[in-house]
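In what follows, every chain begins at residue 1, and chains take the letters A, B, ... in the order their sequences are listed.
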Amino acid sequence: MAELGYQVDCFVFHDSPRRAHSIAAQGGINAAKNYQNDGDSVYRLFYDTVKGGDYRSREANVHRLAEVSTNIIDQCVAQGVPFAREYGGLLDNRSFGGAQVSRTFYARGQTGQQLLLGAYSALSKMIGAGAVKMHNNSEMLDLVLVDGQAKGIVVRDLNTGAVTCHAADCVVMATGGYGNVFNLSTYARNSNATAAWRAYKKGACFANPCFTQIHPTCIPVSGDYQSKLTLMSESLRNDGRIWVPKKAEDCDKNPNDIPEEDRDYYLERIYPSFGNLAPRDVSSRAAKRMCDEGRGVGPTKLGVYLDFSDAINRLGADTVRARYGNLFDIYKEITDESAYETPMRIFPAVHYTMGGLWVDYNLMSNIPGLFVLGEANFSDHGANRLGASALMQGLADGYFVAPYTVGNYLATQKPGSTPSTDDPAFKQAAAAVQDITQRLLNTKGKETVAHFHKRLGKIMWDHCGMARTKEGLEEALKLIPALREEFWANVNVPGSDTHLNQALEKAGRLADFLELGELMCRDALTREESCGGHFREEYQHADGECLRDDENFAHVAAWEYQGEGNVPNRLTEDLNYDTVKMSTRSYK
Amino acid sequence: MVADTSSTQNISLNLRVWRQAGPEDTGRFVDYKAENLNPNMSFLEMLDVVNDDLERKGEEPIAFAHDCREGICGTCSLVIDGKPHGPHHGIASCQTYVRSFKDGDTVVVEPYRAKPFPVQRDLVTDRAAFDEIQQAGGFISIRTGAAIDANAIPIPKEDADLAMDAAACIGCGACVAACKNASAMLFVGAKVSQYALLPQGQPERDKRVLNMVAKMDELGFGNCTNQYECSAACPKTISHDFIAKLNKDYLKASVRSAFKPKSSV
């Protein structure tokens, strides 16, 4: 935006924009370059993404995403992103879940880091040039509307506690997803939904909140002190084979002592055409089914093996080390086990949220002047996101969509019409923010924020996780408001609001999660079908796969806030597929 | 002490933690007992547990910087027993586990001690200086949307791999904390080398190194000691060879700029 001549104020709650959690994306970024000459095309990436999203994404948005995917790679290479290369000096690719072509570009197991640092370097350039004013340690706590249009934000300086108002001609949010509502997830500990949620409460519709992605390859939970779950990149499934023992009584044995004929390579058995590269939702649910059958492994019996012995025999340990060494090292640090010698144990974990604030084709929400980019919006991944497409969407939105569509909105605004922060709307929003802070500090109850977050996470995982039922969701819709009431009556937030107070930060974020969790359950309850990551046990095929209801649910559900204590409005946007024919999504 | 046992017995540690209310406070060590710790707990999870107890008692928790907790965001920045990121080589604080310590050990936890990184509170320091160095030249000037096809720039695999080694820096600042001169030359060397190794980085190569080094000096970072505590502390094991590359690039750029009209540098 700054390159186009706009004056930009940029806010992050991190101590530096280089810390955003895109940095942790490991595996890669898709682009329809067809450098491998294996028949890839814009159409094929578009088709795979629409199918991967189980026909719940907006067709036009996805097509644009596939189109600009190739520009992203060009842009990143020009920025100096050191993608993996072949000996001839050209870019290397690998294949990823849900695709039968090699279209994934990568930089070792740190693709997200390199792409984020590329964007950070471009931002640094514009900050250095004075075109962007950077505000670190600044958490957005409210959106300000003037005459129904987004004209500014209220932020709290996390180091000093100062609450300030900032007026603008429009607001662009790229504030990420809300997976930490589950407490344990692969998200960074500080990732939160506060900015998006406060925008929702100012009238922005929240679309498909129940569409959450559970990633199949994470390190299993080891104890109740656990603060986060660590992802093992999906790229491991290129060479690793997933299995559980055929017999439940073998589950406690050393996996190396279980003979080949007693192992069930269930993904290869059930999904022969995609095998270990079946999409994330499909693989996660299959792992859950195996564990439900009593064939899970590890101390908690919530785990399956990801075995590299065949790859090591075929390629040699050195090649496997070159491809996945850093991931094997991470696994060793966390579990104290060597994946070169014994199979990894993995289990699904919350990883991404496909739902988010509703946006139109221009990525503008229903509030004029509020643009929402990346994971914070809902538009491109439908009910399930394929691997290596989050980085693609984030960069597409930021580099190739918003710079053009924001200008379209600004053209409708008269020069000099930027409101002042003296406007009553700013005063009211700032006062509301201060009020929440004081309520949190003054409750002086008995329990910690972490205590309530764990309990919310458990309710969400049990009732709104990999498998959902009407009864479970109805139960959660009773439990969450009760927990929220208890939180406001009994939370203890020490300290004051005039210094760095991490307990206060966490409390404010949890207060929003306690409301968002309820909306997710409500959305999951209303969507009486199974699709992608949303699996309702009542709606399944005989083989346990998702049973969609295209007749009644081929739409986006966008929830409109109706004030505290009131049930939100459920608005719908029909999804029309002009190019791709809706069909049963099969990876068999 | 590094113990690295695979024991599953829970252990207790005596923590001596730096507490400092704000940038102006003098600060002091406070002792805490961390009991009944599962050895598979991460060091930060142990601090979570200690903080949970403190909060329950209505006391203010220990402030510490953290985010991704998987060693890639560069936020965590503890000095554990005098070593940035703790006893192990090549990992960040968040990847240090309780099993690295023995039951009953006393463990000292401090913030980074370096003038360009002032303490904000307890164990949290302000590392905005790194952003400033990056803004001085740590980029390739390319307008968004104007790039040529990615494969139009072939890059030998060896160069790309070496550039990636340099680019792996997570900007945590451990190199500065480990250095008695508080030198940022490993950080700057890594960034300068990444671009210097790639054809895309050539047009601005001289200007970049001169500007980044000037900014580094201006912000109060010291010169290299040639003792390489920086690489030893680096959670991404970035090699001090990049400091040599930085020196070489800086020398060449200085000479070239001396013989060029001022406006062209």
Subject >> side-chain hydrogen bond (donor to acceptor under 3.5 Å, both in side chains): pairs with one or both residues in residues 108-118 of chain A, sequence neighbours excluded >> reply: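 The answer is Arg108(A)-Asp165(B).
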Of all of [options], which one pairs up most often with chain A through heavy atoms under 4.5 Å apart?
{"options": "Met164(B), Arg143(B), Glu132(B)", "value": "Met164(B)"}
{"options": "Leu197(B), Ile140(B), Ile72(B), Asp122(B)", "value": "Ile72(B)"}
{"options": "Ile142(B), Ile91(B), Ile155(B), Asp48(B)", "value": "Ile155(B)"}

Would you mind checking which part of [X] comes under 4.5 Å of any heavy atom in chain B, side chain (CB onward), backbone (N, CA, C, O), both or neither?
{"X": "Leu116(A)", "result": "neither"}
{"X": "Phe400(A)", "result": "side chain"}
{"X": "Lys444(A)", "result": "neither"}
{"X": "Leu90(A)", "result": "both"}
{"X": "Gln26(A)", "result": "side chain"}
{"X": "Phe83(A)", "result": "backbone"}
{"X": "Thr186(A)", "result": "backbone"}

Rounded distance [0.5 Å steps], [atom1] in [X] versus [atom2] in [Y]:
{"X": "Tyr35(A)", "Y": "Asp149(B)", "atom1": "OH", "atom2": "CG", "result": "3.5 Å"}
{"X": "Arg56(B)", "Y": "Glu447(A)", "atom1": "CZ", "atom2": "CD", "result": "4.5 Å"}
{"X": "Thr144(B)", "Y": "Met1(A)", "atom1": "OG1", "atom2": "CE", "result": "11.0 Å"}
{"X": "Leu54(B)", "Y": "Thr448(A)", "atom1": "CG", "atom2": "OG1", "result": "11.0 Å"}
{"X": "Arg85(A)", "Y": "Asn151(B)", "atom1": "CZ", "atom2": "CG", "result": "6.5 Å"}

Original post:
How would you list, in number order, the residues of residues 126-138 of chain A that have a heavy atom less than 4.5 Å from chain B?
Top reply: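 Residues of residues 126-138 of chain A touching chain B at under 4.5 Å: Ile127(A), Gly128(A), Asn136(A).
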Subject >> Close side-chain approach of Tyr225(A) and Ser42(B), heavy atoms under 4.5 Å >> reply: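 The answer is no, as the side chains (C-beta and beyond) never meet within the 4.5 Å cut-off.
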Subject >> pair Glu59(B)-Pro494(A): side-chain heavy atoms closer than 4.5 Å >> reply: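 Of all side-chain heavy-atom pairs linking Pro494(A) with Glu59(B), none is under 4.5 Å.
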Original post:
Is Glu70(B) paired with Lys228(A) through a side-chain N to carboxylate O contact shorter than 4.0 Å?
Top reply: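 Salt bridge: yes.
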Contact summary for [X] and [Y], nearest pair of heavy atoms:
{"X": "Arg19(A)", "Y": "Thr75(B)", "answer": "CD-OG1, 3.2 Å"}
{"X": "Leu198(B)", "Y": "Gly80(A)", "answer": "CD1-O, 3.4 Å"}
{"X": "Asp52(B)", "Y": "Ala450(A)", "answer": "OD1-CB, 3.6 Å"}
{"X": "Asp74(A)", "Y": "Ala150(B)", "answer": "OD1-N, 2.8 Å"}
{"X": "Glu45(B)", "Y": "Ser227(A)", "answer": "OE2-N, 2.8 Å"}
{"X": "Gln200(B)", "Y": "Val77(A)", "answer": "NE2-O, 2.6 Å"}

Original post:
His21(A) and Cys73(B): side-chain contact (heavy atoms from CB on, under 4.5 Å), yes or no, with the steps?
Top reply: CA-CA 7 Å; His21(A) 197 53; Cys73(B) 73; 5.9 Å; no
Original post:
Is the side chain of Gln75(A) donor-acceptor paired with the backbone N or O of Gly145(B) at a distance under 3.5 Å, no angle test?
Top reply: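 Confirmed, Gln75(A) side chain pairs with Gly145(B) backbone.
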Original post:
With respect to Gln120(B), which candidate in Asn159(A), Leu158(A), Thr160(A) satisfies the side chain to side chain contact (heavy atoms under 4.5 Å, CB included) definition?
Top reply: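 Testing each of Asn159(A), Leu158(A), Thr160(A) against Gln120(B), the sole residue satisfying side chain to side chain contact (heavy atoms under 4.5 Å, CB included) is Asn159(A).
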**OP:** Carefully, step by step, assess Glu158(B) and Tyr87(A) under the rule side-chain contact (heavy atoms from CB on, under 4.5 Å).
**Re:** CA-CA 8 Å; Glu158(B) 296 74 19; Tyr87(A) 283 101; 4.2 Å; yes
Original post:
Do Tyr120(A) and Asp131(B) have side-chain atoms, one donor and one acceptor, less than 3.5 Å apart?
Top reply: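 The criterion, which ignores hydrogens and geometry beyond distance, is satisfied for Asp131(B) and Tyr120(A).
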